[in-house]
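Structure, as structure tokens:
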Amino acid sequence: MTDDNRPGEGGASRRVLLGHILGAHGIRGAVLVRSYTAEPGAIADYGALEDEAGAASFTLAVEGTTAKGLICRVDGVNDRNGAERLKGAALYVPRDRLPPAEDGEYYYADLVGLAAVTEAGAELGKVVAVLNYGAGDILEVRRDGAKRTDLYPMTEAVVVRVDIAGGVVVIAPPEEVEAGGEEAGD
């Protein structure tokens, strides 16, 4: 999964971004959807999806695919004008509707809000986002009261352990990894 997982940091209110409506497709009310699910067509299997504000609900039916995305019908949208009004809509689902993650895999929404600590127990801050610019996942961590954030690559060498139930992610900061596990400057 991907993207902005900040809407609601606790329990049932946590939501996961599953896709975006890119625009209208044809003249009969179909829309083009970019799906972020492992199997793109599965986006319709999660039931009604919500917009970013949680104010609108969208029930999708997948009709086909193109190189640009899925061709979908949205309940209640019957013409191009209605489809065009949906352009840019983000499609969210409550976290509890998703299947459990496999061992060693995590939904971004499950990582946001975890306390980040070193193996020695020193506090690094709280995970505020999981980013991915194409080269791999990156944990964005903010210390309490700080405006700036620190970024940690989500590799086995840096992210030592993730304990979602315990609310913590154990990180070996890269400068410690490069120094052979010793604090930089020691």
Side-chain angles (χ1 to χ4, degrees), residues 1-114 126-142 149 151 154 162-165 167 169:
M1 302 281 113
T2 186
D3 207 275
D4 179 19
N5 300 299
R6 293 175 226 179
E9 285 194 13
S13 66
R14 184 169 285 176
R15 299 180 310 147
V16 176
L17 180 67
L18 293 188
H20 279 95
I21 296 177
L22 302 176
H25 183 82
I27 60 171
R28 293 192 172 103
V31 295
L32 192 60
V33 172
R34 177 178 296 132
S35 174
Y36 306 132
T37 58
E39 293 295 324
I43 192 170
D45 297 343
Y46 293 98
L49 305 173
E50 302 172 345
D51 67 358
E52 189 167 8
S57 178
F58 309 98
T59 301
L60 303 179
V62 177
E63 292 189 336
T65 62
T66 72
K68 294 180 182 179
L70 299 172
I71 300 167
C72 297
R73 288 270 175 203
V74 179
D75 279 358
V77 177
N78 300 313
D79 62 21
R80 184 169 181 89
N81 291 336
E84 286 176 346
R85 284 192 289 274
L86 300 178
K87 182 178 181 177
L91 303 170
Y92 286 87
V93 66
R95 167 62 183 94
D96 59 6
R97 279 202 225 152
L98 298 174
E102 299 290 325
D103 285 339
E105 293 183 354
Y106 312 97
Y107 289 107
Y108 289 0
D110 293 342
L111 300 173
V112 173
L114 295 181
K126 183 183 272 192
V127 177
V128 295
V130 181
L131 311 170
N132 188 316
Y133 298 108
D137 294 331
I138 300 168
L139 293 180
E140 182 177 8
V141 176
R142 177 174 287 121
T149 59
L151 303 176
M154 195 144 175
V162 175
D163 180 0
I164 292 173
V169 57

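In terms of modelled atom types and a separation under 3.5 Å, the side chain of Y107 and the main chain of P99 share a donor-acceptor contact. A donor-acceptor pair is defined here as one N or O able to donate and one able to accept, closer than 3.5 Å; no such pair exists between the side chain of D51 and the backbone of A90. Looking only at distances, a side-chain donor or acceptor of R14 sits under 3.5 Å from a matching main-chain atom of V112.
Heavy-atom minimum distance, F58 versus L91: CD1-CD2, 3.6 Å. The minimum heavy-atom distance between I43 and S35, with the atom names listed, is CB-OG, 3.6 Å. Summarising the geometry of V33 relative to C72, their closest heavy-atom pair is CG2-SG, 3.9 Å, with the distance given to 0.1 Å. Annotation for K87 and L22: closest pair CG-O, 3.3 Å, computed over non-hydrogen atoms. When all heavy atoms are compared, the tightest approach of V62 to A44 is CG2-CB, 3.9 Å. The nearest pair of heavy atoms linking A83 to V31 is CB-CG1, 3.7 Å.
In this structure, OG1 in T37 is found 6.0 Å from OH in Y46, a value given to the nearest 0.5 Å. A distance of 10.5 Å separates CG in L49 from CZ in R15, rounded to the nearest 0.5 Å. Going from atom CD1 of I71 over to atom CG of L32 covers 7.0 Å, rounded to the nearest 0.5 Å. For the atom pair L139 CG and D137 CG, the distance stands at 8.0 Å (nearest 0.5 Å). Atom CZ of residue R34 and atom CG of residue L70 lie 11.0 Å apart, to the nearest 0.5 angstrom. One distance of note links CZ of R28 with CD of E63; it measures 10.5 Å at 0.5 Å rounding.
Inter-residue side-chain proximity for V162 and L114 is flagged as met; some heavy-atom pair is nearer than 4.5 Å. Here the side chains of R73 and T59 are not in contact, with every heavy-atom distance at 4.5 Å or above.
Between R95 and D110 there is a salt bridge, since a side-chain N of the basic residue sits under 4.0 Å from a carboxylate O of the acidic one.
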For this session: Let me see the working for L98 and L18 under side chain to side chain contact (heavy atoms under 4.5 Å, CB included), right down to the final yes or no.
Result: CA-CA 10 Å; L98 298 174; L18 293 188; 4.3 Å; yes
Exercise. Does the side chain to side chain contact (heavy atoms under 4.5 Å, CB included) test come out yes or no for L151 and V141, once each step is laid out?
Worked result: CA-CA 6 Å; L151 303 176; V141 176; over 6 Å; no
For this session: Before giving the answer on side chain to side chain contact (heavy atoms under 4.5 Å, CB included), spell out for M154 and L111 the whole-Å C-alpha distance, their side-chain angles and the decisive distance to 0.1 Å.
Result: CA-CA 11 Å; M154 195 144 175; L111 300 173; 3.7 Å; yes
Exercise. Going through the checks in order, is the side chain to side chain contact (heavy atoms under 4.5 Å, CB included) test met by L60 and V74?
Worked result: CA-CA 5 Å; L60 303 179; V74 179; 3.6 Å; yes
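Side-chain atoms of E50 and S57 form no donor-acceptor pair, as typed in the model, at a separation below 3.5 Å.
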